[in-house]
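A quick write-up on the structure given underneath.
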Amino acid sequence: DSPLVKIGKKETYNVVLLLPVKINSNPRIFSGLLEPQTQLDNVTGFAIDFLMGAQMALDSLEKLGLNAKVHVLDTEGSKEKMTQLLQTQAMQSADLIIGPFFPHNIDLVAQWAKNKQKHLIVPVSAPASSIEGNPYVSLSVPSDLTLIGGLAKHIAKSHAGDRLFIVKGATKEEEDRNRYFQRVLEMYSSQMGKNIAVKEVSGGASGREFANLFDLDAHNIFISFSDNAQGVMRFINNINNAKNQSPKHGRAKVTVFGLRSWHNIEPLNSYYKNRFELHVAMPSFVNYQDEAVLKFLRDYRLKYKADASQFSLQGFDVVLFALSKKLLGLPVESGLINYFNMDNLGPNYGEENTSTFIVSQKDYELHLVGVETYSLSRKIFPAIQDTIKSENTLPKDGKVDEE
């Protein structure tokens with residue numbers, strides 16, 4: 001009954017890609033007047049990477065029989081430019097829209113898509129609230145709430161018999177994340193017929209206080225949903241001091257679960273991540289040993305004389321998935337770095353990718369522990385959605401962290 005699947009069969013489809021290419025911000029690059037110090041605008045770089053990955057997907061889709069006119073529109077990353085683009089013929093005649101990238105434009109286009117009954121695929125992280133009351137929006141990247149829910153499901157399945165500790169939130173947002181995690185954990189523990197206890201601890205506790213919490217004969221799991229770099233490092237340093245209390249404490253099995261943003265905290269170096277086998281919930285995962293990924297990288301380099309970034313892989317996956325499913329009716333789920341398990345909360349909601357990659361660091365390398373699928377609880381989600389912000393990987397200031 002969802003309008004998301006009601007794109008009628010046509011001889012030729014109109015597809016729009018909304019990308020912050022920012023041509024006007026890179027006049028020398030696009031004119032070909034290059035100098036050794038010439039550099040692309042940071043945002044332009046990832047937009048072009050995404051576009052080149054998308055073009056490779058379009059090549060594959062053409063072989064599968066897709067006949068489509070694809071319009072690439074430069075949003076310049078601004079709300080003013082996006083407002084102008086909404087009036088263009090390309091947008092008015094679009095059957096499917098992929099983009100935009102920044103929160104202020106996502107909100108604008110999502111509301112426009114609802115009014116115009118146009119199907120919108122959001123290719124980057126966005127709040128779960130984006131699909132509330134809007135069945136025309138699809139989130140191809142799991143929201144932070146979904147990632148936390150997937151992490152809770154993983155812990156319920158894999159660590160029900162271990163000692164679980166959750167670090168008390170320092171802000172209301174962190175407390176909301178903690179509360180959501182514990183509610184989902186309770187839901188799955190109830191389904192499993194188990195009573196999984198989680199003890200709350202202070203991230204500012206001393207090394208000796210943390211050491212007293214360790215069970216030297218058990219697996220000690222510490223969970224934190226803080227996104228404050230100073231708070232995270234205070235917690236890590238204190239738990240590291242606990243491991244250094246004695247040789248026995250040093251041998252104790254201690255694992256830390258945190259947010260994906262922790263990989264961007266520079267002081268949290270590989271030594272700490274490795275010592276505590278840092279586990280995080282990720283929306284995607286690149287396996288450079290996978291033959292399909294390696295083939296894509298080789299083909300990309302051959303086609304563009306450049307190395308693919310994660311944005312290139314994301315562009316390929318999202319475009320191949322969206323157009324295969326929505327226009328060709330082909331059930332594509334596994335991408336190069338994504339797994340698309342789409343679900344929604346009800347008839348007045350859009351759909352969201354519910355796949356969570358649980359990734360750990362061991363032997364100084366990232367390893368995929370498993371993939372969990374989790375749909376936001378209808379009972380839990382409405383109560384706290386307004387207090388949870390999206391951990392958008394593309395901040396408004398345009399600074400992008402490739403990792």
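Since we're looking at a predicted model, the values are computed, not measured.
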If we only count heavy atoms from C-beta on, is the [X] to [Y] side-chain gap below 4.5 Å?
| X | Y | answer |
| --- | --- | --- |
| Phe210 | Phe235 | yes |
| Ser125 | Arg260 | yes |
| Phe165 | Asn220 | yes |
| Glu175 | Lys172 | no |
| His119 | Ser138 | yes |
| Asn269 | Tyr272 | yes |
| Leu108 | Lys79 | yes |
| Leu164 | Ile155 | yes |

Applying the ring-ring contact (aromatic ring centres under 6.0 Å, His included) criterion to Phe181, which one of Tyr374, Tyr188, Phe225 satisfies it?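 It is Phe225, the one option of Tyr374, Tyr188, Phe225 that forms the ring-ring contact (aromatic ring centres under 6.0 Å, His included) with Phe181.
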[atom2] on [Y] to [atom1] on [X], rounded to 0.5 Å:
| X | Y | atom1 | atom2 | value |
| --- | --- | --- | --- | --- |
| Asp317 | Ser312 | CG | OG | 11.0 Å |
| Leu86 | Lys116 | CG | NZ | 9.0 Å |
| Ser284 | Gln310 | OG | CD | 4.5 Å |
| Thr356 | Asn341 | OG1 | CG | 10.0 Å |
| Leu368 | Ile358 | CG | CD1 | 9.0 Å |
| Arg275 | Thr255 | CZ | OG1 | 12.5 Å |

Minimum heavy-atom distance between [X] and [Y], given as atom pair plus value:
| X | Y | answer |
| --- | --- | --- |
| Pro127 | Ser143 | C-CB, 4.3 Å |
| Asp227 | Arg177 | OD2-NH2, 3.1 Å |
| Phe321 | Val332 | CD1-O, 3.4 Å |
| Val319 | Ala54 | CG2-CB, 3.5 Å |
| Val141 | Pro283 | CG1-CB, 3.6 Å |

For salt bridge (charged side-chain N to carboxylate O under 4.0 Å, His left out), just list the numbers for Lys22 and Asp74, CA-CA rounded to whole Å, side-chain angles, deciding distance to a tenth of an Å, and then say yes or no. CA-CA 6 Å; Lys22 302 178 69 173; Asp74 183 7; over 6 Å; no
Would you call [X]-[Y] a salt bridge at under 4.0 Å N-O?
| X | Y | result |
| --- | --- | --- |
| Asp162 | Lys253 | no |
| Arg298 | Glu291 | yes |
| Glu372 | Lys157 | yes |
| Asp95 | Lys118 | no |
| Asp59 | Lys63 | no |

Using modelled atom types and a 3.5 Å cut-off, is there a donor and acceptor pairing between side-chain atoms of [X] and backbone atoms of [Y]?
| X | Y | result |
| --- | --- | --- |
| Asn134 | Gly350 | no |
| Asn353 | Ser140 | yes |
| Ser355 | Tyr339 | yes |
| Ser189 | Leu185 | yes |
| Glu62 | Leu58 | no |
| Asp215 | Asp217 | yes |
| Asn238 | Arg234 | yes |
| Gln314 | Pro123 | yes |
| His159 | His219 | no |
| Asn274 | Ser270 | no |

His104 and Phe102 aromatic ring geometry - parallel, tilted or perpendicular at 30°/60° bounds: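 Aromatic pair Phe102/His104 classed parallel.
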By side-chain hydrogen bond (donor to acceptor under 3.5 Å, both in side chains), which residues pair with Gln230, not counting sequence neighbours?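 So Gln230 forms no side-chain hydrogen bond (donor to acceptor under 3.5 Å, both in side chains) with any residue.
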Sorted by chain and residue number, the side-chain hydrogen bond (donor to acceptor under 3.5 Å, both in side chains) partners of His71 (sequence neighbours excluded) come out as none
Tell me if the centroids of the rings in Phe257 and Phe222 come within less than 6.0 Å of each other.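 So the answer is no for these two rings.
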May I ask you to check whether Phe50 and Phe311 place their ring centres under 6.0 Å from each other? no
Show your reasoning for whether side-chain contact (heavy atoms from CB on, under 4.5 Å) applies to Phe101 and Asn105. CA-CA 7 Å; Phe101 279 35; Asn105 279 343; over 6 Å; no
Derivation and outcome, side chain to side chain donor-acceptor pair (under 3.5 Å), residues Ser129 and Glu132: CA-CA 5 Å; Ser129 56; Glu132 183 188 11; 6.0 Å; no
For the pair Lys295 and Asp299, evaluate salt bridge (charged side-chain N to carboxylate O under 4.0 Å, His left out) and give the outcome as yes or no after the intermediate values. CA-CA 6 Å; Lys295 182 179 185 306; Asp299 291 345; 2.7 Å; yes
For Lys243, look at atom NZ and say whether over 12 heavy atoms of other residues, nucleotides or ligands are found less than 6.0 Å away. yes
Glu333, CD atom: more than 12 neighbouring heavy atoms under 6.0 Å: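 Atom CD in Glu333 is packed in, count exceeds 12.
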Any chance you could lay out the side-chain contact (heavy atoms from CB on, under 4.5 Å) test for Leu323 and Ile98, step after step, and finish with the verdict? CA-CA 10 Å; Leu323 274 61; Ile98 298 177; 3.8 Å; yes
Test Leu120 against every option in Leu139, Val109, Val16 by the side chain to side chain contact (heavy atoms under 4.5 Å, CB included) rule and name the one that passes.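 So, applying the side chain to side chain contact (heavy atoms under 4.5 Å, CB included) to Leu120 and each of Leu139, Val109, Val16, only Val109 qualifies.
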Apply side chain to side chain donor-acceptor pair (under 3.5 Å) to Gln111 and Asn115, showing your working. CA-CA 6 Å; Gln111 185 58 48; Asn115 295 337; 3.2 Å; yes
Does the pair Glu173 and Arg179 meet the rule for a salt bridge (charged side-chain N to carboxylate O under 4.0 Å, His left out), with working shown? CA-CA 10 Å; Glu173 187 173 355; Arg179 189 169 74 253; over 6 Å; no
Before giving the answer on side-chain contact (heavy atoms from CB on, under 4.5 Å), spell out for Lys325 and Leu330 the whole-Å C-alpha distance, their side-chain angles and the decisive distance to 0.1 Å. CA-CA 5 Å; Lys325 181 178 180 182; Leu330 301 176; over 6 Å; no
Begin with the C-alpha distance, continue with both residues' side-chain angles, and end with the deciding distance and a verdict on side-chain contact (heavy atoms from CB on, under 4.5 Å) for Leu259 and Ser226. CA-CA 7 Å; Leu259 295 174; Ser226 173; over 6 Å; no
